[in-house]
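We use all heavy atoms of the structure for the numbers below, so side chains are in, but hydrogens, waters and symmetry mates are not.
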Amino acid sequence: MGSILVCDDDKEIVEAISIYLTSEGYDVVKAYDGIEAINVFKSNAIDLILIDIMMPKLDGIRTIMKLREENNVPIIVLSAKSEDTDKVLGLNVGADDYITKPFNPLELVARVKSQLRRYTTFNNAPVNKSESILSHNGLELNDDQKLVTLYGEEIKLTPIEYSIIKLFLENPGIVFSSSQIYENIWDEDAVGSDNIVAVHIRHIREKIEVNPKEPRFIKVVWGQGYKLEI
Amino acid sequence: MSTDNINKQTDNNENVIANEKNENSNDKKINNFTYLLTLKILLFLAAVLMVIGLIGTVGLTAVNTHVDRDYKYCPVTKKEKKLNNYKESSFFLNDINNYCRSVVSNYKTNADLFNDDVTILTKYSYSNIDSSKDATKVFSTNNEDYNLDKIYAESENTSLRADINSKLLDGGDFDIFYHELDSFYNSKFDSTVFNKLGRSYLYLEKWEYDNILNNLISQDNNEGFKRELEKFDIYVDLLNEDNTKSYYNYDSMRGIIVSPGNVVIIIDINNNYSENNSSFVEGDAVVFDYSYDDFFNRTQKCYIPVELLDSSSYDKLNASIITTPFARNMATIACFSILGSENYRAMNNEYYDNSNLINRTEYKIDESVVATGNEKIDFTSNAVIYYPSEDRFDAKTIKTYKNDRLREIKDAMLSLPDYSEDEVKEAYSNFVSITLEPSFENETVFLMYKYGDICLVMLFAGVVLFLILFVAITVLEKRKSLKTDRWFGEFKLFLLISLITIMLLIGKECVTKLYLFGKNGYIAAFSAFIICAIIVFSSCLACYLGFVRLAKNGEIFNYFIISRLFIFIKNMCREGHLLAKDLSKNLALGSKTLLLIAAYGFINCFIALLAGVISFDNSDGFPIFLAFIILLIFNIAFLLYKWKEKRSYDRISEGIDRILDGELDYKIDTKDMPETVMVLTEKINRIGEGLDNAVAASIKDERMKAELITNVSHDIKTPLTSIINYVDLIKREKITDEPVKGYVDVLDQKSQRLKQLIEDLLEASKASTGNIELNPTTLNLHELISQISAEYEDKFSEKQLNLVANEEEGLTVYADGRRVYRVIDNIFQNAYKYAMPNSRIYLDTKMAGENVSICLKNISEAELNIDADELLERFTRGDSSRNTEGNGLGLSIASNLTKLQNGDFRIDLDGDLFKVTITLPKGR
């Protein structure tokens, strides 16, 4: 399916990740510092890189910068640093995703999948999609079949949940307040809607997100509404 | 490349142009300087021109006056007027003539009187003798010398006068009263004269003579008195230092004419009589050839020609030939050319000098003429014409003048009936001419007269030029800052005025006195004066231009003490106004301090006023009144000062309040404070600084702590990752052993708990140090709460908790959405963790002034035996047993995050009721 370079100075963590990824069918190449990672990357065909920030010899940030000079392979940072600034820095130098330690193994795998999928979608053959298909980062909605799939797996939704996802997929990046969503979906005034919308959205997240507390698709804009993260 | 070259070239050109400009401006500067300097020199020259013109013109006026009287050819109109005056006054001349004749005829009949004893009644109240004591002394020394029969010497002039009068009226013998006249007269006055003369003199002052005449006229039977009078030659001292107006004298003269006896009119004109204090104002009368010297040393007397015709016009002088008819030797008629006082003085000087005196023989009347008495006057050698020397005036002027004079004399003589034309002609031909050399003093004046017209032109040209240049220089002058000028304007002005005054005084001396040193001295003095003038002029100009520059810069008002004083008073008034305003405001508020200050001031002023009022009645009140004024001013100043101090203290108080409120870097403004208060204020400001530093240090400590926590967290996280991962891996292995499965679950649970704990710890440390970046926006509170409550719906129902929301419509808050979510999430979590199952949770939102308050109430499951503030401490939990899920960080984080967003986080405990109130600023 693909070979993944895992780079961390903590061997146990590399080992654990490798177990998870191997079980998902990926080839895992291991490295324990930045220089090694670069060397390994040069000598192997790598589809994705998982890399730690705090490492001896060459730290993660500089390694990413070095790698990014020549290649646009998906890179996911795996770091104990959870500050916003750290995340911003990592993403800015060229990482595609940022996972903080301690991580949920399932989430890690899901993110790896997501990145790989995107990478292959963008770089390889574009998927021939009909107009009735709305797609976003692996989340697909087929309006003809009234079917929502995530990485090809079907997700069971209620009609309202379906409508909400459709609304967001049709308007990616736009913030909808609860009342706007209510008016759109229920087609009536949002008087006394209370937290119906919020509850529905929570349910949707529980179905499509790996980690509902850190949603990747439908994000909360606190005090304003919800939006589909681009 | 080509464009670059062009650019370079243009650059070069610009540089060249710039350089040229610089040079030009330098040239301009130099040009301006020379230009201004030239202007200034020109201004000076104009001033010199003006001054010379002014002196010349003024001098010309003076010369005109002089010359008109003395030398200048009289214009026709004046001449005509003169002649008219003759006609008007001819009656008087006729009177004189008639009387002369009658006296002359009487002379023969009274000839025996010549041989009488000498009786002299002298002037007794000569004003030069100030004290009677002196008079007595003089008198007594002279007593024997003069062999006087009887002497009256009394201190009181009036009684003496009465005595004389009574004697006169009684017709008794007159004694001789002799008094010293003055030093000059005295020296010439000796008895031999009297003996030689062998005649009786009645020497009277005009006033006494008037009395006698009045008596004479009023008495019906006055023959006896007349006879008595006729025994004397009466000498009337017409001119004395009483402020006798000349027309009084005129009247007296008329009286004299009709009086019996022989009257000699003595008119004292000597140097003691200056033109101003003499009864005879210059030009009123002219007296010649009179002196005591002359009078007593000669057997023949020249009498006194008096201008009696018109007291107001000096023109008469020029044409009056006065016969003096008042003596027995009336036959002697002196004929004079009448000259102005200037000439008279010159004449006198010659007398005194004993130098080339006017030939006296010309005045002498032949004794034979006197003896015969009825002979005609021999004009030969009795007339003198004075005229100015020819080198002062051109020959033509002198000739004209001479001819005029002669003609006038001729005309006058012809008007006398006794002379035939031939006789007159003869006399005329015998007139003697005396050339008068004008003094150097006058010489300048003459010169100015000569160039008078040019002077006038110079004056006008000078004035016009001066004004133009003055304006030009004023306009051209540049601005100037006050900083370069340290002296006050008044000081400069004072210096300048002193300089000018001194220079003018010196100048005056030069003009009036220095002629004594002759021409060379005069020139030297004048040169010195010019140098002085240059210095003074330059200083004046510099000072003036200084003022101009300051005025152009708008700083002139700061330059003068007076204007500064004015500004000071203005400020005082403003302060007073502020005080009044403040007073009225503070009185309403009942400010005790200000009331006290005001009361103090007013009482003081009142006392001062009282003192002032009391002192005003007092005759010596002025100093006290002055003291009152000073006290009043002092009090007002003190009041203002106190008030200023009070304001300063108010400011300090406000500043301390602000520092107390946590605004540690607040600085109290020390502007306008009194010095003592300022010192205090600066110290207070330093306290603020100190506190600020302390707080900064403690914040630094906190930060370091937070950093430590962050670093430790990172270090914990890495092994934790492995633990979680491997626990997960174990779980994936199909474990059949039930106890092992249970152990793994515990591991899983606790590792997750540890993870949460670390994250909360990090968050708490960041929140408490404020090390968080905030992006506040306006948030819809309802939206926010529904978003969060949606998350908790399941959790609450799991514990049978019922959320009762009571929200006000349309509330917004201004905050960072993520952080507010954290806050509300935390209190929800808190409620979820600690609320009594199967109870209600109340959520209220409402406006509270400018803020929005969010209030959450629930009933605690555990007993709350803890202080509300303690709950906000980190790691404090409601249940001291720590059995529940929480870690005690939630409320601390929520509280800190709220405070970071300018909100307030409060916990109230009332029994088991747990109440959280969050206030946040409302949306913008």
Side-chain angles (χ1 to χ4, degrees), chain A residues 8-20 23 52-54 78-86 88 99-106 108 175-182 190-203 205-206 212-213 219-226, chain B residues 710-711 713-729 731-732 751-752 754-756 758-759 762-763 766 771-773 777-794 803 805 807 809 812-822 824-825 923:
Chain A
D8 197 318
D9 58 330
D10 190 312
K11 286 182 179 166
E12 285 72 30
I13 291 177
V14 174
E15 198 54 45
I17 294 171
S18 123
I19 292 165
Y20 287 119
S23 70
D52 187 21
I53 296 287
M54 290 183 286
L78 196 65
S79 172
K81 283 184 161 187
S82 56
E83 314 284 314
D84 288 349
T85 48
D86 299 325
V88 168
I99 301 170
T100 55
K101 291 179 191 171
F103 53 84
N104 185 334
L106 296 174
L108 176 76
V175 177
F176 291 95
S177 71
S178 310
S179 49
Q180 279 171 329
I181 294 168
Y182 188 86
V191 181
S193 61
D194 289 332
N195 52 5
I196 293 172
V197 174
V199 172
H200 278 290
I201 285 172
R202 183 167 63 86
H203 289 151
R205 284 213 303 251
E206 282 165 359
K213 293 220 163 168
K219 289 208 164 172
V220 185
V221 183
W222 297 106
Q224 286 170 349
Y226 306 89
Chain B
T710 313
N711 290 337
S713 313
H714 291 158
D715 290 344
I716 295 169
K717 271 181 188 172
T718 311
L720 184 64
T721 310
S722 293
I723 294 168
I724 290 171
N725 287 347
Y726 283 94
V727 168
D728 189 63
L729 286 173
K731 278 171 84 181
R732 290 188 174 203
S751 61
Q752 289 299 336
L754 191 59
K755 181 185 165 194
Q756 185 62 44
I758 288 165
E759 263 159 27
L762 263 176
E763 178 113 26
K766 278 193 288 183
N771 192 15
I772 285 177
E773 202 182 313
T777 48
T778 296
L779 306 175
N780 182 335
L781 191 62
H782 174 69
E783 179 88 45
L784 184 70
I785 285 172
S786 57
Q787 281 170 343
I788 296 164
S789 59
E791 306 285 327
Y792 281 89
E793 204 162 63
D794 292 353
L803 180 69
E807 293 180 63
E809 286 283 318
T812 55
V813 292
Y814 186 75
D816 184 323
R818 267 176 67 201
R819 310 299 173 190
V820 180
Y821 152 73
R822 263 308 254 170
I824 297 173
D825 184 62

Pick whichever of [options] has the most heavy-atom pairs under 4.5 Å with chain A.
| options | result |
| --- | --- |
| B/T710, B/D715, B/L729 | B/L729 |
| B/E807, B/R732, B/E793, B/E791 | B/E791 |
| B/D794, B/I723, B/T777, B/I724 | B/D794 |

Go through the atoms of [X] and report whether side chain, backbone, both or neither lie under 4.5 Å from a heavy atom of chain B.
| X | result |
| --- | --- |
| A/S79 | neither |
| A/V220 | side chain |
| A/I13 | both |
| A/I201 | neither |

Practice item. Heavy atoms only: give me the nearest A/L78-A/D52 pair and the separation to one decimal. Key: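 Where A/L78 meets A/D52 most closely, the heavy atoms are O-OD1, 2.8 Å.
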Revision key, fill the gap. From the list A/D10, A/D8, A/D86, salt bridge (Lys or Arg N to Asp or Glu O under 4.0 Å) with A/K101 holds only for A/D8
**Study point:** Selection from A/E15, A/E83, A/R205 maximising heavy-atom pairs under 4.5 Å formed with chain B
**Key:**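 Counting heavy-atom pairs under 4.5 Å, the top option is A/E83.
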State whether the side chain of [X] and the backbone N or O of [Y] hold a donor-acceptor pair below 3.5 Å, judged by distance alone.
| X | Y | result |
| --- | --- | --- |
| B/K717 | A/A80 | yes |
| A/Y226 | A/I181 | no |
| A/Q224 | B/N780 | no |

Check your understanding: Of the backbone (N, CA, C, O) and the side chain (C-beta and beyond), which part of B/T812 lies under 4.5 Å from a heavy atom of chain A, both, or neither?
Key ->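 For B/T812, no heavy atom lies under 4.5 Å from chain A.
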Check your understanding: Salt bridge check: are B/R818 and A/D84 linked by an N-O gap of less than 4.0 Å?
Key -> yes
Review point. Is a salt bridge present between B/K755 and B/E759, judged by a nitrogen-to-oxygen distance below 4.0 Å?
Key: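 The answer is no: the pair does not qualify as a salt bridge.
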